[in-house]
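To keep things clear, I will list the structure first and then write my remarks on it.
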Amino acid sequence: MTVSTEVLERPEVKDADTGPEMFHYVRKDKIAESAVMGTFVEALCGEKFPVTKAAKPGSPVCPKCKEIYDSWAG
């Protein structure tokens with residue numbers, strides 16, 4: 001089985017008083033299905049959620065996802 005390292009960031013919904021929303025890295029091949037069907041994706045850090053929004057350049061990224069992604073890409 002081949003695992004794609006292509007990812008898209010996604011927000012984790014936060015209450016207004018808990019800080020900025022954080023975006024996670026997820027498998028690119030699961031994004032469209034999740035966005036259309038509402039199925040859950042699993043981020044590199046293990047968080048599970050439906051894709052609802054794409055990150056814009058400069059958006060805050062989950063530190064754990066970034067660390068895992070950088071270890072694969074490096």
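Everything numeric here is computed off the predicted structure, so don't read it as measured data. Quick note: residue numbers are just sequence positions, from 1.
- Between the CG atom of Asp70 and the SG atom of Cys65 there is a distance of 11.0 Å, given to the nearest 0.5 Å.
- By the 4.5 Å heavy-atom criterion applied to side chains, His24 and Phe49 are counted as neighbours.
- Aromatic ring pairs are classed by plane angle as parallel below 30°, tilted from 30° to 60° and perpendicular above 60°; the pair Tyr69 and Tyr25 is parallel.
- Rounding to the nearest 0.5 Å places CD of Glu42 at 10.0 Å from CZ of Arg27.
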Q. After noting the C-alpha distance and the side-chain angles of Ile31 and Val41, does the key distance pass the side chain to side chain contact (heavy atoms under 4.5 Å, CB included) rule?
A. CA-CA 7 Å; Ile31 294 166; Val41 294; 5.6 Å; no
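- The CD atom of Glu47 sits 10.5 Å away from atom CE of Met22, with the distance rounded to the nearest 0.5 Å.
- Grouping the Ile, Leu, Val, Met, Phe, Trp and Tyr side chains by contacts below 4.5 angstrom, directly or via other members, places Leu44 apart from Phe40.
- Crowding of Glu67 atom CD: a count of heavy atoms from other residues, nucleotides or ligands under 6.0 Å not exceeding 12.
- The shortest non-hydrogen separation linking Thr39 to Ser34 is O-OG, 2.6 Å.
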